[in-house]
K.L.:
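Have a look at the structure that comes next, please.
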Amino acid sequence: MAEMSIADALKLALQEEMRRDETVFCLGEDVDIKGGMGGAFTVTKGLLDEFGPERVINTPIAEILISGVCVGAGMTGMRPVADLQYGDFLFCMMDQLVNQAAKMCYMSGGKVHIPMVMRAPCGATNRGAQHAQSLESYFIHVPGLKVICPSTPYDAKGMMKQAIRDDNPVLVFEHKLLYGSARKEKDAIKTSGEVPSDDYTVEFGKAAVRREGKDVTIVANLLMSYRAQEAAKELEEEGISCEVIDPRSLVPFDYETVERSVKKTGKLMIVHEDTYNGGWGAQVAAHFAQHGIFDLDAPVKIVAAYDTPIPFASPMENFIIPSVERIKKEAKELAEF
Amino acid sequence: MAEMSIADALKLALQEEMRRDETVFCLGEDVDIKGGMGGAFTVTKGLLDEFGPERVINTPIAEILISGVCVGAGMTGMRPVADLQYGDFLFCMMDQLVNQAAKMCYMSGGKVHIPMVMRAPCGATNRGAQHAQSLESYFIHVPGLKVICPSTPYDAKGMMKQAIRDDNPVLVFEHKLLYGSARKEKDAIKTSGEVPSDDYTVEFGKAAVRREGKDVTIVANLLMSYRAQEAAKELEEEGISCEVIDPRSLVPFDYETVERSVKKTGKLMIVHEDTYNGGWGAQVAAHFAQHGIFDLDAPVKIVAAYDTPIPFASPMENFIIPSVERIKKEAKELAEF
Amino acid sequence: MIKMPEKERAVGMYKKMYQIRQYEETIYYLFLEGIMPGTIHQSHGQEACAVGMIYDLRKEDYILTTHRPAGHDLAKGVSLRSMMCEMFGKAEGCCKGKGGAMHTGDIDVGAVTANAIVGGNLPIAAGVALRCKMMKTDNVAVCFFGDGASNEGAFHEALNAAAVWKLPVVYVCENNLYSATTSIKLTCNLENVAADRGSAYGIPSEVVDGNDVLAVNEAGARAIGRARRGEGPTILELKTYRIGGHSRNDACGYRPNEEEKAWFSKDPVRTFRERLIDERVITEEELEKIEKEITDEIDAEVEYAKNSKDPEPESALRDVYWEGGTR
Amino acid sequence: MIKMPEKERAVGMYKKMYQIRQYEETIYYLFLEGIMPGTIHQSHGQEACAVGMIYDLRKEDYILTTHRPAGHDLAKGVSLRSMMCEMFGKAEGCCKGKGGAMHTGDIDVGAVTANAIVGGNLPIAAGVALRCKMMKTDNVAVCFFGDGASNEGAFHEALNAAAVWKLPVVYVCENNLYSATTSIKLTCNLENVAADRGSAYGIPSEVVDGNDVLAVNEAGARAIGRARRGEGPTILELKTYRIGGHSRNDACGYRPNEEEKAWFSKDPVRTFRERLIDERVITEEELEKIEKEITDEIDAEVEYAKNSKDPEPESALRDVYWEGGTR
Ligand SMILES: Cc1ncc(C[n+]2csc(CCOP(=O)(O)OP(=O)(O)O)c2C)c(N)n1
Ligand SMILES: Cc1ncc(C[n+]2csc(CCOP(=O)(O)OP(=O)(O)O)c2C)c(N)n1
Ligand SMILES: [Mg+2]
Ligand SMILES: [Mg+2]
């Protein structure tokens, strides 16, 4: 048990899995160059020293290659873990992810399978539209992929280990403002927490109730799970009690935990940093429109980034991304409906 | 006025626009080789003869290039129209579409803009998982893109002309089974219809009510709009009256027309060939969960392809994609709720 | 001209080539009859490429193929029955009917599920080869692709990394002069679309007569040998020609008659057959007997496949995620 | 050594280089102070590449740049004020504060919005050049990219098509030996990562001392001339070196000291300054005066930018789709 950041918890997971299984290896651009950063956010820093260049591979800038290598190595018995620097570059490897990794097991009639982990840092951090996106929603629409988004050090370690052991392709969204890595980010949130040193995993498809409440159910992931908790705390003082659920994995998704909560509160709000139209919040809302409509005492609310590319300047970036204030205001409106 | 197929209506639109505006040009793999097919589905066949190789460009197999050329030519005053053969290859150009085409206007502060049309044949036709997808839902999640899906010859011509004149990137989803092209497809639907020879356009963001009804509102696009109409016709005989709405464009989306209908029927069902989880149907359902929940007398239904890659063999392919029977059954259930 | 090998080997190669030819022609007629579903991209005319390259591979070696996979898959040992059943979309197909004509394969014999995204298999081959290297085997990956594929970005990224990492992979371009209906001359300035690009990565390359199974086999041996010995990748460009259209319903209106005539006179199966007889490796009568056996087997498998069970509709819901099984 | 041009021209080049240097150093300190938002990828050390290539371009010619755009943009004539305002995320920024450091540009002066996807601008440049050709202008596109970018698939697809279509484009690789923290030696087997690949497309290429503005300018003139005359694309590989880190917070721990020392001794701004004085083109006093003017202007623009208006939060909702305007 030790207190550590998410970045370090992820690293610990990688180390433990690489130690226990020689088929696990890491790759990516600048993934661990001596004197470098260890990916863009320090997660892989230092692995080279322990595991050597054969298992910690600094690749060319070539996302088709990186993803293709994962598919090829994965289908022949390896467990590659790739680092993408910025999730935005997922689009450069989209064919390998969607047409190859996600479909190969199926197309082969279940003969081939592809364990692989693609690590995608996400979130808006004053870097402009091509280094800022939250991209989970694209990938929940791809049968054959699993999509996770750990937001605490405990989950980061346990879910990363689970991802590496999964026999299917797993996309891991890691939020830049939650890493707590040595590379300081403006507006970063301190997330460090206790991480057991033993070999635990966190199952996919189990949401975490981050805060209990009885008036409004808020489903929020990554950075938004923190903002939702902050909003809930402040609303508590106004006498409004919010339950905050962090889904942690989007595919598979734990509807049960959310349903149980909505049965209690009658009010559902989804908060994500990904843009609104066609976002994963729509899927959750649609689930309730189909299967839980009579549990709802009020319209569902989706609080998401407005439908724009991410702007650079802070006043605009802050406006686009759901803030604690916006979450509070919307939750209050819902509570008072 | 002449009766023609969707393939020919699209070609007519291309011809008319290329004649009236010298900045319009076509490009794509095999887009028009003498002795060839004219794209994969004959839409561009014969354009070379009229417009010559400078405006009808047979490209290398290089989707990044094709899309990049559209972005570059579009931002400097041209109006490129690219053919993709199969929509599945959109993933090979995803970066250019999502990170470049969709964001360039915004990132430039509105100085640059990119008129371009990307034509993506879609739909499952016994070709297996990599030549079968319906991909609209990925793109409704991209602020900066417009997404249309014409399903009649009239709309095909009018919306294609509108797309070419639009000052923003437009993705056009064309269904293989609706083309009515010379290249025969098993299970193809005869869609030919009257197409005016004059210079009309069809505005985006206006849904078409394909059939009026009072018990259930069915929103369905492309092939599913035909299956929904067929189901509605059969249900009529059982005394169930369905209103079938073809959104025609997904971005912008005409919620008004659907709202008006749901106010009347109290029942909403969305049908699409795209897979279920995170599909565009979820967005429509989410809209009603947020803004129209009290108009609903029953849970929303989404009838979509099951969440799998598209299988090859007919028994499985037919099972995955919503059939007339499945639509009927679900609509009936909804009507009788 | 390359020396004829001893009889068993020479006839072994011929048999495989003949099987592929007969398989593709049979499939062609099944399509014409309208009793086979889907679409096809056929490999007849290119049999020498498949057989020459694959004949000496180990089961533990891997091949990666394309939308035109039948020759490669048969040469690597995917069972004829499972191939034919897959073509008919049957439950006993090598992909349980889920893959179809563009996705045949069987990882258990080293034939990776075929890939219908042009260029898509090239970086995957790098991954497969990386695995062979990391696990310290001396197995190799042989990756087939077309002339058209060499213009894809995936080609560039894959070949560069294969070179830098000295991967045990052979990149085999079957240059059949066309990508679908487009002459490669329209889309590439090079005489040898793949081989002339070796220098862009520091990969040695060879141009080979792709209709001569022995020439392919010999060049293949050199390349595979380099890979096995840890000397890195090779590019082979095999000059060849499709007999049929790009896919169904393609009458090849874009190919000049003289070009077709010239290439058809170099038919890889017929010319090798003639040599076998000319050089008295085997008699025509023996060959006819062998050919009949092959034809009969294919016909029998067609009958078997036609009559075998369709997959259950609901089985479509399985195998989206791995359910365990053969590996 | 290339002959010194006449004074006005020589000093003109120096001024631009000095402006870029001063701009980048100012930005660097603003970041250190913590008063500038976002991240940076700076171009100091590479001024000769930008100025040599762009100095003689027409306003109607286009440049396409990368995550490291400042030198190119300033050289092409994007206004200093609008650049500085953009760096501070201000409403008067060249992108109204929406783009940021990695997306500066101004299409009205031919500086296409910079692209932060490595390799992403190469196919776009082909499209821009295609437009120049289709509209029968003799304008050209000059596309800058890094050594690392040349390993991207986009490089391959773009250069091949540019060659086949004989596009009026110059592909300029600024090889600064590193992609982020990775030595190009680790990811490419070639001495000249871009130039040595010209033969893979049939594109002529040249390797040039990227720290010598006159050498760059001369090679640029040849390449731009070819493009203007309709003779197709050229690859130029300019050997150069970053002065600063890849981005903020990068102390360049991965670069050997001796390497840094050797390169810093070839500083493009200082060496050209020395030549100007040595060859008596201009006196040191005159230069100091010019430099002070440039520095003062930059300082003034920093002050201006700091004090200029933030964008309205709600303005974030605009410009997602085109609203009409300057073009
Ligand atoms: C990424 C991608 N783009 C386009 C296609 C459509 N397509 C299928 S085969 C083909 C031609 C391939 O040519 P080549 O690589 O020479 O192989 P050949 O068909 O000649 O064997 C094309 C364009 C595809 N399947 N994948
Ligand atoms: C597609 C893509 N992959 C990775 C990155 C992250 N990244 C930004 S700059 C850079 C290095 C670029 O190296 P090079 O092309 O040599 O240009 P330089 O930075 O040296 O100017 C990387 C890897 C990116 N922006 N885009
Ligand atoms: Mg070919
Ligand atoms: Mg560099």
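A, B, ... follow the sequence lines: proteins, then strands. Residue 1 opens every chain.
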K.L.:
Go through D:I40, D:V320, D:I117 and name the one with the most non-hydrogen pairs under 4.5 angstrom from chain A.
P.N.:
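With the most close heavy-atom pairs to chain A, the winner is D:I117.
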
K.L.:
Of all the heavy-atom pairs spanning A:P322 and A:V271, show the shortest one and how long it is.
P.N.:
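Result for this residue pair: CB-CG1, 4.1 Å.
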
K.L.:
Looking at every heavy atom in both A:I6 and A:L178, which two are closest together, and how far apart are they?
P.N.:
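In terms of heavy atoms, the two residues are closest at CD1-O, 3.5 Å.
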
K.L.:
Where do D:A91 and D:P311 come nearest, in terms of heavy atoms and distance?
P.N.:
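What the structure gives for the nearest pair is N-CD, 3.7 Å.
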
K.L.:
Compare every heavy atom of A:A102 with every heavy atom of A:V142, then report the nearest pair and how far apart it is.
P.N.:
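That closest heavy-atom pairing would be CG1-CB, 3.5 Å.
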
K.L.:
Find the N and O donor-acceptor pairs between chain A and chain D that sit under 3.5 Å apart.
P.N.:
residue	atom	partner	partner atom	Å
A:D30	OD1	D:T181	N	2.9
A:D30	OD1	D:T181	OG1	2.8
A:D30	OD1	D:T182	N	3.2
A:D30	OD1	D:T182	OG1	2.7
A:Q130	OE1	D:A116	N	2.8
A:Q130	OE1	D:I117	N	3.4
A:F312	N	D:K98	O	3.2
A:A313	N	D:G97	O	3.0

K.L.:
So that I know where these two stand, are A:Y138 and A:F91 an aromatic pair - ring centroids less than 6.0 Å apart?
P.N.:
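Yes, the ring of A:Y138 comes within the 6.0 Å limit of the ring of A:F91, centre to centre.
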
K.L.:
Working to the nearest 0.5 Å, report the span between CG of A:L48 and SG of A:C26.
P.N.:
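Spacing of CG (A:L48) from SG (A:C26) equals 10.5 Å.
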
K.L.:
Write down the atom of D:C94, the atom of D:V78, and the distance for their closest heavy-atom approach.
P.N.:
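Minimum heavy-atom contact is CB-CG1, 4.3 Å.
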
K.L.:
Quick check on A:A129 against chain D: is it the side chain, the backbone, both or neither that has a heavy atom closer than 4.5 Å?
P.N.:
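Looking at A:A129, just its backbone touches chain D.
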
